[in-house]
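Accompanying notes for the structure given below.
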Amino acid sequence: MNKIADLIEANLERLAIAESLDNGKPIWLAKKVDIPRASSNMRFFAQAITQFATQAHEMNSAINYTLREPLGVVGTISPWNLPLYLFTWKVAPALAAGNCVIAKPSEVTPMTAYLLSEICIEAGLPAGVFNIVHGDGLKVGAEIAKHAKIKAVSFTGSTRVGAEIAKVAAPVFKKVSLEMGGKNPNIIFADCDYDKMLRTTVQSSFANQGQICLCGSRIFIERPIYEKFKKDFVAKTSALKVGHPSDDTSKLGAVVSKPHYEKVLSYIELAKEEGGNILTGGHAIHPEGYEEGWYIAPTIIEGLPHDCRTNQEEIFGPVVTIMPFDTEEEVLTYANSTVYGLSSTLWTENLSRAHRMAKQIDAGIVWINTWLLRDLRTPFGGVKNSGVGREGGFEALRFFTEPKNVCIQY
Ligand code: NAD
C-alpha cells in the first residue's frame, strides 16, 4: 500500500489531468487536493492497521479475547465528485484489513480508477485482491449490493441510491456503510473572526463548484452583521473566475455533466419561483473558446424561508442561500430542519456557545471556526438521511472486519 501511495505521488500530474478531464474541476485543485489525498488514504491505512488492536475481557476464572478477522470479499461503490479521493478512502481500509475488494468507481468519472489499476499492477499487488469493475449503477452497482458472497458494501453517493442499496443488501444480511447526501448549515455569529470566516465561507460554498458533500449551502448570519456580510460575500463571490479547468487562474471549473448542469440551473429557477432574490450569479457562463461547456456562475440567493424546497433539497452545485437570524434557538431550528445531517460549520469566538451549539446540531461533523479540516483518524459520516455508519480511522477497520470472541476457562 505504501508503494501504491508512492506511485500515486509519482503520477500526480497525469492523475490530476485525468481527474480534471473527467470531472471538470480545475487541474490545480486536483493536484492540490484530490490526488495527494488519494495517496494519503493509502499511506494512512497502511499505518493504521499496524496500530489496530483487539480487546480482552477477564473474568474470575476465564478470559475472553476478541479476534478481528477480514470479512472475505467486500464491495465499494463511490461517486463522481471526488473520484480518486473517495474511491481510495474506501478501498484502503478494506485492503489493509485483509479483504479482497470489488470496487466500482462512478461511471461518470472512471479514468483515475483505471489509472490506479495500472499503478497497483506496477506495485505488485497480487491479482484478484483488488478488482476494479466499471459500469452503470443499475448494472454493476446493484450486483455488488445484492451478491450474497460480497459480505459488506461501503457506499458513498446520493440518499436515493443509498436507500436502494439498503433494500437489496438487507435480505442477504450484508453489512452496509452508507455515506449520503447533505444540506449543510453554515452558522455565523456576529462575534466571529470576520475575515477568516469570510475567506473560508467563500471556499465552503463554492470549492469544487459546490460539489462537495460537506459544502455549506445554507448560510445563516446573525442579524447585526447580515448587511455587511451580504455586501462583502457578494463582492468576493462575483470576483471568482469561472473558466477552463486547465487555466490556473480559474477558481471554478465546469460542473460534472450536462444532466447535473441542467439540474443545478433548474434549482436556480425553482428558487426564483419560490420568491428568492438572486444577489449574484444565477446563470450559466460561456467562457470564450469554451462556450459549450457546463459552467455555472457561483450563485447567492436571499429572501427564502428555511423550509422551502430550495433550502431543503440537495442541489450539489455552486448555489447557496443566505438568511438572517436573531437567537441560538431560532438558528438551531433552521439548521436542524432538513432530512439531512452530514456536516455543519459554526463561526463564533464564544467558547460556551460553541460547545452548546455543537451538542445540539444534528450532524455527524461539526466544524468550529474552520471548514474541511480533516484528521483521518476521526469518525466521518452523517446522521438522519445523510448516513449509516462511520468511516475513518479504526471505525473503517472495524467495519471491514468481523469480531469473534474466544472464551477460555481455566
Ligand atoms: P449516485 O448515488 O448517483 O451514484 C453513486 C454511485 O452509486 C455511482 O458509482 C453509481 O454508479 C452507483 N449507483 C447508482 N445506482 C445504483 C444502484 N441502484 N445500486 C448500486 N449502485 C448504484 O451519486 P453521485 O451523483 O455519483 O454523487 C453525488 C451524491 O453523492 C450527492 O448526493 C452527494 O452528497 C453524495 N456524496 C456524499 C458524500 C459523503 O461522504 N456523505 C461524499 C461525496 C458525495
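Keep in mind that what you see is a predicted model, and the values were worked out from it rather than measured. Whatever order the structure lists ligands and atoms in, that order sets their numbers, starting from 1.
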Check your understanding: Does the distance from a Lys or Arg side-chain N to an Asp or Glu carboxylate O, for Lys25 and Glu19, drop under 4.0 Å?
Key -> no
Point to revise | Electrostatic pair Glu302-Lys230, nearest N-O below 4.0 angstrom | key: yes
Check your understanding: With a 4.5 Å limit on heavy-atom distance, are the side chains of Lys90 and Thr156 in contact?
Key -> yes
Give the table of side-chain donor-acceptor pairs shorter than 3.5 Å for residues 116-129, with sequence neighbours excluded, one pair per line with atom names and distance.
from   : atom 1 : to     : atom 2 : distance (Å)
Ser117 : OG     : Tyr114 : O      : 2.4
Glu118 : OE1    : Arg14  : NH2    : 2.9
Glu118 : OE2    : Tyr114 : OH     : 3.1

Review point. Should the pair Trp89 and Phe380 be assigned to parallel (<30°), tilted (30 to 60°) or perpendicular (>60°) ring geometry?
Key: perpendicular
Revision key, fill the gap. Chain-and-number sorted residues having a heavy-atom contact under 4.0 Å with ligand 1 are Ile77, Ser78, Pro79, Trp80, Asn81, Leu86, Lys104, Pro105, Ser106, Glu107, Gly137, Leu138, Gly141, Ala142, Phe155, Thr156, Gly157, Ser158, Val161, Ile165, Glu179, Met180, Gly181, Gly182, Cys213, Glu314, Phe316, Leu342, Phe380
Review point. Which of these, Tyr226, Phe325, Tyr334, Phe189, sits in a ring-ring contact (aromatic ring centres under 6.0 Å, His included) with Phe220?
Key: Tyr334
